[in-house]
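First up is the structure itself, then whatever we jot down about it.
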2 protein chains.
Amino acid sequence: MPAIERLPKRQRHQQLSKLIEENPFITDRELTRLLKVSIQTIRLDRLELAIPELRERLKLMAERSYDSVRSLPLHEVIGDIVDLQLDRSGISMFEIMHEHVFSRTGIARGHHVFAQANSLAVAVIDDEIALTATADIRFIRSVKLGEKCIAKAYVRSISGEKSKAKVEVFTYVGEEMVFQGNFVIYRSAGEHIGEGGIERADRY
Amino acid sequence: MPAIERLPKRQRHQQLSKLIEENPFITDRELTRLLKVSIQTIRLDRLELAIPELRERLKLMAERSYDSVRSLPLHEVIGDIVDLQLDRSGISMFEIMHEHVFSRTGIARGHHVFAQANSLAVAVIDDEIALTATADIRFIRSVKLGEKCIAKAYVRSISGEKSKAKVEVFTYVGEEMVFQGNFVIYRSAGEHIGEGGIERADRY
DNA sequence: TACTAATTTAGTACCAGGTTATAATAGCTG
DNA sequence: CAGCTATTATAACCTGGTACTAAATTAGTA
């Protein structure tokens, strides 16, 4: 009998770490439901594992993000934004790592290059809600492992006073242009605060 | 007397906003010291200005930074391929999870939807090396958390016997089309492509 | 000047999501 | 059985608030 359930605690610790890692926004109470143990056990576990409480975790995350680049939309972006003039232009940098390439050829998958450009096109639009409507893109040459992509976005028109903006993005490696795209971005235009609300939007 | 300090409240509101903006980690209690008013006044002010409490601010910051960490895929193909007829058509499925959406709105980031379609367009081309050359895409409606995207790709032409193929991709949620794209995919056509393309389909 | 309205302060009850500490219980194990 | 670990329970307390009520202060004006 004993041997069978010899290490339920270590297993639980592992599970607990994993759960918190993949959702740092989880409360102890929610963990009790998932792990089927009392809240005291959860707390003992966190103590042993030196995992701080929810609020500390959020604070740490907030601090980390605050340090790097202070400004809002920068963190919802793929690549590092190095310059941003809202409604005008922006520049971001993105280094192709091995997780971005096809392993046999070392050539970057198109959607990563696209993602950098798309993120930048959205970020450069100064609006509460900005979503890509359409895009017309060209992959001019392949990008390889280790190369640094510099994407430059230019807002070409704010389309009347309405809901669309055109953004052109050029991505370079060194002097060479590797990608070009024309994006049409929807912007919130009116008010609309309803959905997202302010406080506890998601995950509860 | 009155005229001199005509708008102390508005001034204070401005100061308050500024203080919180430049240090979102500040508590109401600390603000009372800086602004020399009672904590109730601070709270009334925040209420009027719709500035959330410290913990909510930190949570929002944490969410923003969390989004960026969960950036893109890293995997071979985005979505699960459920049917594939090389050089003809393919179907893949991709469920929008919380790591794919803007946490504020629950709306999927465009590049994930694109990535699914792009992956499928590349996968459906039966060639050693297949890379996206150009794409013309339309996001027809926004996709939300929890929705399952079914992408269907059709190879429209194999362009002579040479280096390009046209692939059309439609993505649906239920009956509804949410995305449509026309891809031009470079294929190896015997030789390597030199500057040409971007991706290759490994592993198949 | 007296009345009125806005503003500010005070006080209380309550909440989430914990910490800390102390004790009781369960389950084996030697 | 004593002794150990693991688990659960209980209670007091903490921070940084919200929500609400009420009083006090400060203008502003009839």
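Just so it is clear: chains get the letters A, B, ... in the order the sequence lines come, proteins before strands, and each one is counted from 1. Small disclaimer: the values here were computed from a predicted structure and weren't measured.
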* Asked: Can you check the Arg10(A) CZ to dT7(D) P distance for me, whole Å?
  -> 11 Å
* Atom-pair distance (CD on Glu56(B); P on dA16(C)), nearest Å -> 13 Å
* Do side-chain atoms of Glu168(A) reach the backbone of Val155(A) as a donor and acceptor pair under 3.5 angstrom? -> no
* Asked: So Phe179(A) and Phe139(A), would you call those rings parallel, tilted or perpendicular, with 30° and 60° as cut-offs?
  -> perpendicular
* To do: Say whether, by atom type as modelled, one donor and one acceptor occur between the side chain of Arg138(B) and the main chain of Gln180(B) under 3.5 angstrom.
  => no
* Going 5' to 3' through nucleotides 8-13 of chain C, assign each nucleotide B (protein heavy atom under 4.0 Å from a base atom), S (under 4.0 Å only from sugar-phosphate atoms) or - (no protein heavy atom that close). => BBBB--
* **Lys/Arg-Asp/Glu bridge criterion (N-O < 4.0 Å) met for Lys59(A), Glu53(A)** => no
* Verify whether one side chain among Gln14(A) and Ser17(A) offers a donor that lies under 3.5 Å from an acceptor in the other. => no
* Has Lys152(B) got its NZ or CZ under 6.0 Å from the middle of the six-membered ring of Tyr172(B), at an angle within 45 degrees of the ring axis? -> yes
Between protein and nucleotides 14-17 of chain D, what N or O pairs are separated by less than 3.5 Å?
from	atom 1	to	atom 2	distance (Å)
dT15(D)	O2	Arg55(B)	NH2	2.4
dG16(D)	O4'	Arg55(B)	NH2	3.2
dG16(D)	N2	Arg55(B)	NH1	3.3
dG16(D)	N3	Arg55(B)	NH1	3.0
dG17(D)	OP1	Leu54(B)	N	2.7
dG17(D)	OP2	Asp28(B)	N	2.9
dG17(D)	O5'	Asp28(B)	OD2	3.3

* Asked: Atom CG of Leu47(A) to atom C1' of dT5(D): distance rounded to whole Å?
  -> 16 Å
* Of Arg57(A), Arg55(A), Arg43(A), the residue whose pairing with Asp28(A) passes salt bridge (Lys or Arg N to Asp or Glu O under 4.0 Å) -> Arg43(A)
* **Phe183(A) ring center within less than 6.0 Å of Phe114(A) ring center** => yes
